[in-house]
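Report on one structure; see the data block that follows.
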2 protein chains.
Amino acid sequence: MSEISILERRFPGRRAGLKREILLQALACFNESGIEATTIDAIKARCETSVGAIYHHFGNKEGILGALFFTALDDQHEHFVHYLERAGTLEEVVFSVVLSYVDWVVKHPDWARFQFQARSSIVKGPHYQELKERNTKTYRELKEKFAAVGSAQKIAPPFELLPSLIIGASENYCRAWLSGRVQTSPKAYGEQLASAAWRSIQG
Amino acid sequence: MSEISILERRFPGRRAGLKREILLQALACFNESGIEATTIDAIKARCETSVGAIYHHFGNKEGILGALFFTALDDQHEHFVHYLERAGTLEEVVFSVVLSYVDWVVKHPDWARFQFQARSSIVKGPHYQELKERNTKTYRELKEKFAAVGSAQKIAPPFELLPSLIIGASENYCRAWLSGRVQTSPKAYGEQLASAAWRSIQG
DNA sequence: TTCGCAAACAGAATAGTATTCTGTTAAGAA
DNA sequence: TTCTTAACAGAATACTATTCTGTTTGCGAA
């Protein structure tokens, strides 16, 4: 299970065993019943542990959300960076962004589904600042890459619009796929989504 | 206040006065504090009413969410239909979809913000079926319009992808604007978003 | 090996919030 | 006017997150 390896990379070692188990079962609960409908008791039952243990490790429900959310975000970001490295032209950068995103979602649908659900909670809660910093960081990396491959003047829309133009359609389709509204895997449309994004940013 | 006129159209008459007031204050609470953090007591206090009255009109918190959500969806849909009527070519259809969406969001930011927040709750809750039916209806209207203006063969991507390609970027940017991540009004980028959508669906 | 101690756990007690229930008032039909 | 039902009020209930208190376990130092 990819869920386990993602967790082991972020919470390694034998000591963190229960911590990982709680996160794993919480992720399952959140995806099956929704975040709000999932009770601490339900998570407790699935882990055969106690509320004390859960609160010891995470402080509160929000803490569980945060741990899961940033674990997913980190993995997604690594994936993104890995794709971006190989891009040498502006067009390849755009393709990297779209394809890395689509690939990650298809590879980890449970994490992606959770990420969509949890984002609004995170934005309101105490982890907002951390999310903002990571977004700023990714944004900066992308901007630098754009500068590195040069010829950014070939792009018509203002930079403020670019992230939405590049990733908007893919995000929308992935969300539809994760919720079952469409059947075809985003992976099958990867190239089409990427080339559509590329066309969309050209004047 | 546009919030009031939207509510009066859907819940008209003197008898529904308190009902509208509850919805109005609930909308404000949800946008200020978030849906989960808003308590029935807080809404009660702002309306100077009682929990009994609230539960009499809406059954439960979910009922308030549903009433607000579908009120917003209806208004948005009317707006959409009105724009779509005037489109005579395929390109104009795409522009109508994007511009009607962007205009509505900018015109009713509080309703739009709430809509984004509430969608996941609705999808999980008992109103899911109703939302699904409305989406199907809109989807069908769009498909018929596409057929009516003909020349749909000029479009490269499969129909399954089209909604995401057309509205994805705009939705993404509007969401960013409503949460304060970007400053420039989507209205200012309306034409650019529309033409980007149009380029993106061409082979 | 043992001692000290902090982290890891368990489960009862508490607090806050949604929901229900019972009763009262007001409005419209007959 | 009377009768019926919707509209409202507020206390009582139930559920769930969180806290608190106590116990156990792992680990470094003596």
Side-chain angles (χ1 to χ4, degrees), chain A residues 7-8 10-30 32-69 117-118 120-122 124-127, chain B residues 7-8 10-30 32-69 117-118 120-122 124-127:
Chain A
L7 282 172
E8 272 172 356
R10 193 155 213 262
F11 303 99
R14 208 188 94 254
R15 297 291 298 276
L18 178 60
K19 197 162 186 172
R20 288 196 300 270
E21 179 67 12
I22 293 171
L23 290 174
L24 190 63
Q25 300 304 332
L27 180 65
C29 288
F30 291 147
E32 283 169 19
S33 319
I35 291 173
E36 206 177 351
T38 297
T39 67
I40 299 293
D41 249 47
I43 298 172
K44 182 200 84 172
R46 272 178 87 130
C47 302
E48 294 177 332
T49 181
S50 64
V51 293
I54 294 177
Y55 278 85
H56 170 70
H57 284 293
F58 302 104
N60 53 26
K61 199 173 172 181
E62 185 97 32
I64 305 177
L65 286 186
L68 283 172
F69 186 85
Q117 267 198 90
S120 67
S121 301
I122 298 292
K124 288 172 302 190
H127 297 105
Chain B
L7 281 171
E8 272 173 356
R10 193 155 211 264
F11 304 100
R14 206 189 95 253
R15 299 288 298 276
L18 179 58
K19 196 163 188 171
R20 289 196 299 271
E21 179 66 12
I22 293 171
L23 289 174
L24 190 63
Q25 300 304 330
L27 180 65
C29 288
F30 292 147
E32 283 170 20
S33 321
I35 291 173
E36 207 177 349
T38 297
T39 68
I40 299 293
D41 249 48
I43 298 172
K44 183 199 82 172
R46 274 178 86 130
C47 303
E48 293 178 334
T49 181
S50 65
V51 293
I54 294 177
Y55 278 85
H56 170 72
H57 283 292
F58 302 104
N60 52 27
K61 198 173 172 182
E62 183 99 32
I64 305 176
L65 286 186
L68 283 172
F69 186 84
Q117 265 198 91
S120 67
S121 301
I122 299 291
K124 287 173 302 190
H127 298 105

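First the proteins, then the strands, lettered A, B, ... as listed; each starts at 1.
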In whole angstrom, give the distance that lies between atom [atom1] of [X] and atom [atom2] of [N].
X: A:Glu21; N: C:dC9; atom1: CD; atom2: P; value: 12 Å
X: B:Leu65; N: C:dT19; atom1: CG; atom2: P; value: 10 Å
X: A:Ile40; N: D:dC15; atom1: CD1; atom2: C1'; value: 14 Å
X: B:Ile43; N: C:dT19; atom1: CD1; atom2: C1'; value: 14 Å
X: A:Asn60; N: D:dC20; atom1: CG; atom2: P; value: 14 Å
X: A:Arg20; N: C:dA8; atom1: CZ; atom2: P; value: 13 Å
X: B:Lys44; N: C:dA18; atom1: NZ; atom2: P; value: 11 Å
X: B:Phe11; N: D:dA7; atom1: CZ; atom2: C1'; value: 16 Å

When you compare the protein's N or O atoms with those of nucleotides 8-12 of chain D, which come within less than 3.5 Å of each other, and at what distance?
| residue | atom | partner | partner atom | Å |
| --- | --- | --- | --- | --- |
| D:dC8 | OP2 | B:His57 | NE2 | 2.6 |
| D:dA9 | OP2 | B:Thr49 | OG1 | 2.8 |
| D:dA9 | OP2 | B:Ser50 | N | 3.2 |
| D:dA9 | OP2 | B:Ser50 | OG | 3.1 |

> Run the side-chain contact (heavy atoms from CB on, under 4.5 Å) check on B:Glu62 and B:His127 step by step: do they pass?
Replying inline: CA-CA 9 Å; B:Glu62 183 99 32; B:His127 298 105; 4.0 Å; yes
>> Once rounded to the nearest 0.5 Å, what's the spacing between atom CZ of A:Phe11 and atom CG of A:Leu24?
In response: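 A:Phe11 CZ to A:Leu24 CG: 12.0 Å, rounded to 0.5 Å.
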> Should A:Ile43 and A:Ile64 be marked as a side-chain contact (heavy atoms from CB on, under 4.5 Å) after you check the CA-CA gap, both sets of side-chain angles, and the distance that decides it?
Replying inline: CA-CA 11 Å; A:Ile43 298 172; A:Ile64 305 177; 4.3 Å; yes
> For DNA chain C, whose closest nucleotide is more 5', that of B:Glu36 or that of B:Arg14?
Replying inline: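 The residue mapped nearer the 5' terminus is B:Glu36.
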> Mind checking what makes ring pair (Phe, Tyr, Trp, His ring centres under 6.0 Å) contact with B:Phe30, not counting sequence neighbours?
Replying inline: B:Phe114
>> If I compare all heavy atoms of B:Lys124 with all of A:Gln117, which pair ends up nearest, and what's the gap?
In response: NZ-OE1, 4.0 Å
> Does B:Arg20 reach the main-chain N or O of B:Gly13 with its side chain, forming a donor-acceptor pair under 3.5 Å?
Replying inline: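 Yes: the side chain of B:Arg20 pairs with the backbone of B:Gly13.
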